[in-house]
Amino acid sequence: MRFASTSHNRERWELVLPPRMWVAALVVVILTFATTSGAASKVVPGTFVWHDLVTDNPAAAKKFYSELFGWTFEPGKGVEPDYTIIRQHGVPVGGIVVPKQQTSPQWLSYVVVADVDRAVDALRQAGGQVYRGPINARPDLRVAAVADPQGAPIGLASRGPSDGVSEALPDVNRWLWMDYVAKDEAPALQFYTQALGYQSQAEARDTATYYRLTNGRPRAGLFKTPWPRETSIWLPYIRVADPDASAKRAQELGGLIVQAPAPRVRNGSLAIVLDPGGAPIGLQKYPFQAGGTP
Amino acid sequence: MKSVRIAALALLVLVMAFLAACESGGIGVGLPASGARWGSGGSGPDVFVGGGPVY
């Protein structure tokens with residue numbers, strides 16, 4: 001390395017590196033990028049890292065979610081064509097997928113597993129169904145879309161986003177939590193503790209029990225559905241400041257309130273709505289005063 | 001010497017552009033019509049367990 005100067009009116013300094021040094025510098029930069037992105041994307045198995053809304057009416061979904069949460073949308077790269085990236089204040093929070101065939105609109109939430117292929121094999125043996133995959137969504141991202149033995153759709157991913165997954169409390173209008181609403185909670189609990197390595201902590205009240213699923217820290221919850229006609233499903237939650245106002249706004253925008261905030265339901269801190277396509281989401285105020293009855 | 005530097009810088013720009021493009025990617029797998037759905041409409045029974053998120 002040397003510094004070269006010119007002898008014009010004013011002196012100009014420039015960094016001159018031999019060609020080999022430039023190549024070495026380039027390699028260092030590339031490795032730094034690769035190492036940084038890889039380290040940031042390593043998350044604990046059992047962590048939910050991504051949410052895709054699968055809907056055949058993306059225009060209606062964009063209007064609903066932009067008005068309700070201030071989300072913005074831009075074309076992105078996904079497995080299916082016409083994929084849309086959702087951002088909240090510039091931060092990617094999910095995507096919108098237009099399926100090849102007609103489907104029931106719903107959020108497909110992705111959880112990290114240690115080995116997607118092995119997880120899919122185990123799921124098949126347990127009686128689950130594989131909708132798609134395992135495939136490489138990108139060279140270093142292996143994914144699968146499956147239904148667990150009770151028919152609840154869930155996505156499996158080998159890693160989180162490149163920019164990492166925060167363990168901190170998310171901002172308002174971002175994903176807060178996941179609950180598994182089970183038709184039959186005992187086998188569901190057994191399946192997910194085995195498949196995702198969760199430990200469960202039971203919180204029993206009266207006749208019902210809420211199971212908090214932990215892996216290093218609380219990752220999700222599980223309880224028996226109080227809606228006997230419904231199938232098992234993973235319910236994603238958005239953090240909101242005022243669940244009552246958000247639920248009413250959702251209804252004004254073409255959604256449907258299926259659980260209005262009520263004192264008996266987590267002390268009025270929770271609402272559950274369907275978006276215009278019928279995809280359920282929980283609207284949860286956090287923090288909230290624990291309470292309510294099972 | 002100058003051409004090597006230009007080539008290296010161009011390659012660096014390409015790599016950074018590629019990495020930036022990767023950031024705008026999601027997953028984007030579709031689901032079949034047989035995928036379970038929840039919410040048959042109507043109000044819930046106003047019954048829900050406690051629990052909930054913990055941070």
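A, B, ... follow the sequence lines: proteins, then strands. Residue 1 opens every chain.
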When you check the gap from the basic side-chain N to the acidic O, do A/D52 and A/R132 get nearer than 4.0 Å? no
Measure A/L169 against the heavy atoms of chain B and call it side chain, backbone, both or neither at under 4.5 Å. both
Contacting region of A/V79 [heavy-atom separation from chain B under 4.5 Å]: both
Given A/S269, which of A/Q284, A/K285, A/Q289 fulfils the side-chain hydrogen bond (donor to acceptor under 3.5 Å, both in side chains) condition? A/Q284
Residue among A/G155, A/P81, A/P170 with most heavy-atom pairs under 4.5 Å to chain B: A/P170
Quick one: are the ring centres of A/F48 and A/W234 less than 6.0 Å apart? yes
Closer than 3.5 angstrom, by distance alone: can the side chain of A/E80 be matched with the main-chain N or O of B/G30 as a donor-acceptor pair? yes
I'd like to know if the side chain of A/Q106 and the backbone of A/V54 have a donor-acceptor N/O pair within less than 3.5 Å. no
Against chain B, label A/A220 side chain, backbone, both or neither, depending on which of its atoms sit under 4.5 Å from a heavy atom there. neither
Chain B contact via A/Y110 - which portion, at a heavy-atom distance below 4.5 Å: side chain
Tell me, side chain or backbone of A/L176 under 4.5 Å from chain B's heavy atoms, or both, or neither? both
Flag the one option from A/E167, A/E203, A/K100, A/R217 with the top tally of heavy-atom pairs under 4.5 Å to chain B. A/R217
Looking at A/G277, is its backbone amide N or carbonyl O close enough to the side chain of A/D275 to form a donor-acceptor pair, meaning the two atoms are under 3.5 Å apart? yes
